[in-house]
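Structure first, then comments.
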2 protein chains.
Amino acid sequence: MLIEQRLEKIKAIIEVERSATMAYLAEKLKVSKDTIRRDLIKLEDQNILRRTHGGAVSLDREAAIFNYQQRSKKHNQIKEQIAYKTAELIKNNCSIIFDSSTTVEAVIRKLHNKTIYAITNSLTHAILLAQFKKTEVAVLPGALHKEQLFLYGSETVKKIEHYHTDYTILGVFAISADGLFIHTEAEGLVKRQMIEQGDTVIAVADHTKLNTTGLFKVCDLNAIDVLITDQVPQQEFLTSLQNNNVNIITLD
Amino acid sequence: MLIEQRLEKIKAIIEVERSATMAYLAEKLKVSKDTIRRDLIKLEDQNILRRTHGGAVSLDREAAIFNYQQRSKKHNQIKEQIAYKTAELIKNNCSIIFDSSTTVEAVIRKLHNKTIYAITNSLTHAILLAQFKKTEVAVLPGALHKEQLFLYGSETVKKIEHYHTDYTILGVFAISADGLFIHTEAEGLVKRQMIEQGDTVIAVADHTKLNTTGLFKVCDLNAIDVLITDQVPQQEFLTSLQNNNVNIITLD
DNA sequence: CAATCTTTTGCAATCTTTTGCATTTTTTTG
DNA sequence: CAAAAAAATGCAAAAGATTGCAAAAGATTG
């Protein structure tokens with residue numbers, strides 16, 4: 001492989017995943033960490049990324065453009081790990097409905113070398129997915145949520161019905177023994193329909209979302225096939241999940 | 001094989017694949033690496049590619065970006081003025097279908113203090129419109145064009161039928177006495193349906209688009225209500241426009 | 001048409017760049 | 001502060017570039 005080709009690949013990975021460790025890049029590109037380090041120095045000189053201890057991060061031009069909210073470093077890491085676990089579950093060559101959520105976005109960033117037919121109501125997800133060579137993207141219609149840049153409303157729900165996918169990946173706002181919850185009906189109806197259309201429904205949530213509820217109930221626990229989270233839930237809630245045949249995956 | 005033929009083949013390969021190793025080219029063209037090396041030196045002298053360790057990479061991405069920047073700079077002022085003239089026409093409190101085009105984007109930027117119900121198939125327009133306080137945005141469904149970030153396909157067309165708006169604002173790829181043209185059918189069908197649904201159809205085009213045609217005919221001139229451009233068209237074309245009741249607005 | 005000249009091509013010898021490893025220095029983290 | 005991880009540095013092997021050369025193919029010329 002040409003050096004230039006390797007540099008292009010590194011650029012692409014950093015752009016999509018926003019960061020990468022040298023070990024990961026070395027493994028992926030089949031060269032030593034030393035070589036990766038030298039490559040990263042070149043790319044840093046070109047102002048394409050910023051080197052960090054053990055890897056590199058993107059310069060995040062997107063962040064300025066899209067007004068992403070700031071997230072704490074610790075929280076981010078958990079999210080990254082949940083995303084990684086989730087991506088491991090996804091078979092190649094499949095169709096996926098992606099719910100609008102920052103955790104789901106982290107999952108998407110891990111999927112860039114899989115062949116996927118993607119359906120989403122999130123403009124930010126759609127733009128991210130558009131960078132993937134092997135991915136086809138369909139965007140749902142609807143009214144645009146002006147802050148969070150997702151589509152919702154009856155048009156959105158109606159259109160989702162036309163699809164049937166291998167997976168639905170949902171970001172969780174609140175989940176308890178009573179089911180999945182969210183704070184607005186508009187979003188809830190969209191999520192509810194997305195759940196209907198996916199063969200395997202995967203919910204991703206950090207532990208702060210566990211055992212909490214919200215205004216609008218999206219569905220019962222038995223509608224969820226897999227819950228991916230960072231900590232093992234409390235016994236009572238865990239039993240509820242097991243009784244509803246929810247497959248639980250934690251980070252340990 | 002003639003040397004010229006071999007050089008052409010190398011050019012073609014580099015253009016398509018953006019880079020190639022000498023080993024690959026030598027194998028493909030059945031000559032030694034030394035010969036390939038000499039060929040690459042020739043092509044580098046002609047500024048057709050850039051040689052690297054072990055192969056060569058294409059220049060045209062860099063060149064394309066440069067050209068694009070040049071082009072946008074040059075046309076920027078004209079585009080801005082066309083956009084300004086167009087925005088003047090738009091009444092407050094109206095519904096508008098926005099076609100995907102950079103000139104249309106310039107128009108949108110002039111509309112930020114008007115109350116608008118906006119419909120678009122462009123993700124970039126949608127995100128821009130989302131920043132306007134008084135604007136409501138609906139996004140059309142469809143397959144995502146991964147480079148230009150607009151939605152197209154039968155889903156898009158079908159959905160447009162459900163709307164009826166005060167205006168449709170179209171970016172023009174080519175316009176002549178024979179009508180409005182574009183280079184792909186997929187885009188053309190979307191534009192055609194957008195034209196159907198707007199009470200007033202406004203086409204925006206700088207003078208380079210006038211009196212030219214393209215592969216796919218979108219509509220006849222009489223489907224256009226207003227054409228906004230920078231220079232008065234040539235007499236013959238002007239007469240065609242007038243015969244078809246196209247209102248012509250120029251910068252003077 | 002034959003002798004000569006030019007161009008192209010592959011090969012060998014030498015120089016340069018790239019890469020991985022070992023060692024030392026620096027940074028991070030508990 | 002000390003252990004661990006990562007960065008920097010120097011070095012040697014491998015891959016590639018350059019140069020010179022000679023054989024083969026083609027062009028030129030008398």
Side-chain angles (χ1 to χ4, degrees), chain A residues 1-15 17-60 70-82 84 206-207 230-231 251-252, chain B residues 1-59 61-62:
Chain A
M1 188 190 298
L2 243 46
I3 298 173
E4 275 69 19
Q5 292 171 336
R6 200 177 55 229
L7 292 176
E8 281 299 317
K9 287 193 180 186
I10 293 174
K11 264 199 246 181
I13 289 172
I14 294 288
E15 193 163 321
E17 303 198 26
R18 291 179 141 171
S19 64
T21 63
M22 290 207 313
Y24 173 74
L25 292 170
E27 153 68 23
K28 199 113 189 172
L29 297 166
K30 311 286 178 206
V31 290
S32 74
K33 288 188 206 174
D34 300 73
T35 301
I36 293 294
R37 183 176 295 116
R38 281 184 276 240
D39 286 349
L40 293 179
I41 291 169
K42 284 178 204 147
L43 292 171
E44 188 173 43
D45 287 344
Q46 292 175 48
N47 239 314
I48 286 164
L49 47 76
R50 189 166 58 80
R51 243 154 34 99
T52 63
H53 262 254
V57 297
S58 82
L59 295 177
D60 257 356
Q70 289 269 342
R71 282 155 286 180
S72 74
K73 199 175 176 185
K74 211 173 196 175
H75 202 78
N76 224 356
Q77 264 183 349
I78 290 172
K79 196 174 274 187
E80 285 299 303
Q81 288 172 31
I82 291 173
Y84 182 76
D206 66 70
H207 67 274
D230 52 320
Q231 291 180 10
L251 290 187
D252 322 306
Chain B
M1 187 192 298
L2 242 47
I3 298 174
E4 314 303 331
Q5 288 175 332
R6 199 176 56 230
L7 290 176
E8 281 302 316
K9 286 196 180 185
I10 293 174
K11 261 200 249 181
I13 289 171
I14 295 286
E15 194 164 318
V16 171
E17 310 196 13
R18 301 218 311 116
S19 61
T21 63
M22 290 205 313
Y24 173 75
L25 291 170
E27 155 67 23
K28 199 116 187 171
L29 298 166
K30 309 288 178 205
V31 289
S32 74
K33 288 189 203 173
D34 299 73
T35 302
I36 293 294
R37 185 175 294 115
R38 279 184 279 243
D39 287 348
L40 293 179
I41 290 170
K42 284 177 205 148
L43 293 170
E44 187 174 42
D45 287 344
Q46 291 174 49
N47 238 314
I48 286 164
L49 47 75
R50 186 166 60 83
R51 239 150 41 95
T52 66
H53 259 252
V57 299
S58 87
L59 300 170
R61 168 130 330 176
E62 302 156 32

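Order of the sequence lines sets the chain letters (A, B, ...), proteins ahead of strands, with each chain counted from 1. Since we're looking at a predicted model, the values are computed, not measured.
- No side-chain donor from either of A:S58 and A:E15 sits under 3.5 Å from a side-chain acceptor of the other.
- One finds a salt bridge joining A:K42 and A:D39 here, because a Lys/Arg side-chain nitrogen approaches an Asp/Glu carboxylate oxygen to under 4.0 Å.
- In this structure, the OH atom of B:Y24 is 21 Å from the C1' atom of D:dA15, given to the nearest Å.
- No donor-acceptor pair closer than 3.5 Å links the side chain of A:Q46 to the backbone N or O of A:L43.
- Salt bridge A:E4/B:R18: absent, no basic N to carboxylate O contact under 4.0 Å.
- Between the A:Q5 side chain and the A:L2 main chain, a donor and an acceptor come within less than 3.5 Å of each other.
- One atom, CD of A:E44, and another, C1' of D:dA7, lie 12 Å apart when rounded to the nearest Å.
- In terms of phosphate contacts, B:T35 brings a side-chain nitrogen or oxygen within less than 4.0 Å of OP1 or OP2 of C:dG10.
- Note: CD (B:E4) to P (C:dT7) measures 13 Å, nearest angstrom.
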N/O-N/O pairs, protein side and nucleotides 16-20 of chain D side, under 3.5 Å:
| unit_1 | atom_1 | unit_2 | atom_2 | d |
| --- | --- | --- | --- | --- |
| D:dG16 | O3' | B:G54 | N | 3.0 |
| D:dA17 | OP1 | B:T52 | O | 3.3 |
| D:dA17 | OP1 | B:G54 | N | 2.7 |
| D:dA17 | OP2 | B:R37 | NE | 3.2 |
| D:dA17 | OP2 | B:R37 | NH2 | 2.7 |
| D:dT18 | OP1 | B:R51 | NH2 | 3.4 |
| D:dT18 | OP2 | B:R51 | NH1 | 3.1 |
| D:dT18 | OP2 | B:R51 | NH2 | 3.4 |

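- Nucleotide D:dT29 forms a pair with C:dA2, judged by Watson-Crick or G-U wobble geometry with both contacts under 3.5 Å.
- If you measure from atom CG of A:D39 to atom P of C:dT19, you get 7 Å, rounded to the nearest angstrom.
- No donor-acceptor distance shorter than 3.5 angstrom exists from the side chain of A:E44 to the backbone of A:R50, with no hydrogens or angles considered.
- Note: CD (B:E27) to P (C:dG10) measures 14 Å, nearest angstrom.
- What separates CG of B:L2 from P of C:dT8 is a distance of 10 Å, to the nearest Å.
- In this structure, the CG atom of A:L25 is 13 Å from the P atom of D:dA6, given to the nearest Å.
- As a whole-Å value, the separation of A:K42 NZ from C:dT17 P is 12 Å.
- With a cut-off of 3.5 Å on both pairing distances, the Watson-Crick or G-U wobble partner of D:dA7 is C:dT24.
- Under the 3.5 Å distance criterion, the side-chain polar atoms of A:D230 are matched with a main-chain donor or acceptor of A:H207.
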